[in-house]
Q: 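Below is a structure I'd like to ask you about.
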2 protein chains.
Amino acid sequence: MPNLIGMQTPTELAAAYRSQGRKLTPQRQLLFQLMYGNDKHPTAEALFAEASSQMPGISLRTVYQTLNELAEMGELQFIDIGGGATRFDPNLDDHHHVVCVDCGQIRDVHVNGTAALKPVGIEDFTINEVGVVFQGVCSTCEKGRAKSNKTAHAKSPAPQAKVSK
Amino acid sequence: MPNLIGMQTPTELAAAYRSQGRKLTPQRQLLFQLMYGNDKHPTAEALFAEASSQMPGISLRTVYQTLNELAEMGELQFIDIGGGATRFDPNLDDHHHVVCVDCGQIRDVHVNGTAALKPVGIEDFTINEVGVVFQGVCSTCEKGRAKSNKTAHAKSPAPQAKVSK
DNA sequence: TATCTAATTTGCAAGTCTTGCTAACAAGAA
DNA sequence: TTCTTGTTAGCAAGACTTGCAAATTAGATA
Ligand SMILES: [Mn+2]
Ligand SMILES: [Mn+2]
Ligand SMILES: [Zn+2]
Ligand SMILES: [Zn+2]
């Protein structure tokens, strides 16, 4: 039975880094912690904010650098949905996403039936991966929407929901 | 039998525009033509290039403006896949996309089985749409890849294929 | 056809997100 | 402790998109 796959633990990453001749800096260690098991699909900016509260002075540049590094190492993936910034996902398990077009949150979702998906008319492509994105409205936003629309619970500055069917 | 749905013809759009108090400018007419039936999923920049060859002096700003307009009118959709620029799609039919991670081209694909997709664990979401994106390598790129890798047929300046599973 | 008015186009500045560059710095080896 | 080399921080710059305002023009009006 496939255990849930994800980015290695901070400790394991420490080892991996050293074995690759990379140095283990406090910035990296903090980011390892912040990303480990993180299911929020944060943007670099969001991660930077969290990191900054624990390590004032850390630079956004370093956050980007470390995230790119981890992606190259296969420890996390990029998620590009809609207009805004790239989001980062340490969940390497076979899964998909649901986006609330109102508040922009992205949630993991396991999807049954993907194996049965039959693309028609692309015999000349060698398919490697399939991504499924559900667009909808979360219950919290649904409520705020029922009455007025002042009570938007946008945690982040309400990302522009460029819908891309 | 559902006829293939797509953006209205340039003539129909002309009428739609006038009936909405919008003016019918040569720039808009040209863009209607260039987008009508266009299955290349062009970026604003790409469309601007085509438009410029037929109408020197047209501005990129106008291209963006018109595309946004058409999107608001429901005549086309935005597609945001991977890192680069937004791509525009006048195909309103229920369809999905295949992306060549090598050259970046996007092709339409009809997918059988989407109705059977069962998202698990998002009872608190009201789902409105489902998008499926296949990642792969087109036959042309596959060839160029077999031998050396100098012969990349990147039509566009090879978009960075940020894979987002 | 000439006139008028509001919509449109341009051109450029500016905003957002991400990367390039490099001097100052520090991890880890010797 | 010293030395080497990878890393960080800061800032400039690149890519994409939008804001803004002056100049232009479609289309209504007389
Ligand atoms: Mn995820
Ligand atoms: Mn399409
Ligand atoms: Zn929401
Ligand atoms: Zn290709």
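All chains are named by letter (A, B, ...) in the order of the sequence lines, taking the proteins before the strands, and each is independently numbered beginning at 1. Being a predicted model, the structure only gives us computed values, none of them experimental.
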Q: When you measure from the side chain of A/T86, which nucleotide among D/dG19, C/dT18, D/dT17 comes out closest?
A: C/dT18

Q: If you restrict it to nitrogen or oxygen atoms, what contacts under 3.5 Å exist between nucleotides 4-7 of chain D and the protein, and what is each distance?
A:
unit_1: D/dT5; atom_1: O2; unit_2: A/K23; atom_2: NZ; d: 2.8
unit_1: D/dT7; atom_1: OP1; unit_2: A/K23; atom_2: N; d: 3.2
unit_1: D/dT7; atom_1: OP1; unit_2: A/R28; atom_2: NH1; d: 2.4
unit_1: D/dT7; atom_1: OP1; unit_2: A/R28; atom_2: NH2; d: 2.9

Q: Any side-chain N or O of A/Y64 less than 4.0 Å from the OP1 or OP2 oxygen of C/dT19?
A: no

Q: Output the residues of residues 49-60 of chain A in contact with DNA chain C, where contact means a heavy atom of the residue under 4.0 Å from an atom of the strand; sort by number or write none.
A: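 Under 4.0 Å from DNA chain C: no residue of residues 49-60 of chain A.
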
Q: Taking only residues two or more places apart in sequence or in another chain, which ones pass salt bridge (charged side-chain N to carboxylate O under 4.0 Å, His left out) with B/D124?
A: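 If we apply the salt bridge (charged side-chain N to carboxylate O under 4.0 Å, His left out) test to B/D124, skipping adjacent residues, the hits are A/R107.
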
Q: If you check every side-chain atom of B/R61, which of C/dA27, D/dC16, C/dC12 has the closest atom?
A: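 Selected nucleotide (nearest to the side chain): C/dC12.
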
Q: Please list all pairs meeting ring-ring contact (aromatic ring centres under 6.0 Å, His included) that have one or both residues in residues 110-133 of chain B, counting only residues at least two apart or in different chains.
A: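 Of all non-adjacent pairs touching residues 110-133 of chain B, none passes ring-ring contact (aromatic ring centres under 6.0 Å, His included).
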
Q: In dot-bracket form, 5' to 3', how is DNA chain C paired? Count Watson-Crick and G-U wobble pairs only if both distances fall under 3.5 Å, and write | where the partner sits on another strand.
A: ||||||||||||||||||||||||||||||

Q: What pairs with B/D39 under salt bridge (charged side-chain N to carboxylate O under 4.0 Å, His left out), at least two apart in sequence or on another chain?
A: none

Q: To the nearest 0.5 angstrom, please state how far the CD atom of A/E69 sits from the CD atom of A/Q20.
A: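 Here the interatomic distance stands at 9.0 Å.
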
Q: Do A/V120 and B/V98 belong together in a cluster built from hydrophobic side chains that touch within less than 4.5 Å?
A: no

Q: Taking all atoms of both residues into account, what is the closest heavy-atom pair of B/H41 and B/H95, and its distance?
A: NE2-NE2, 4.4 Å

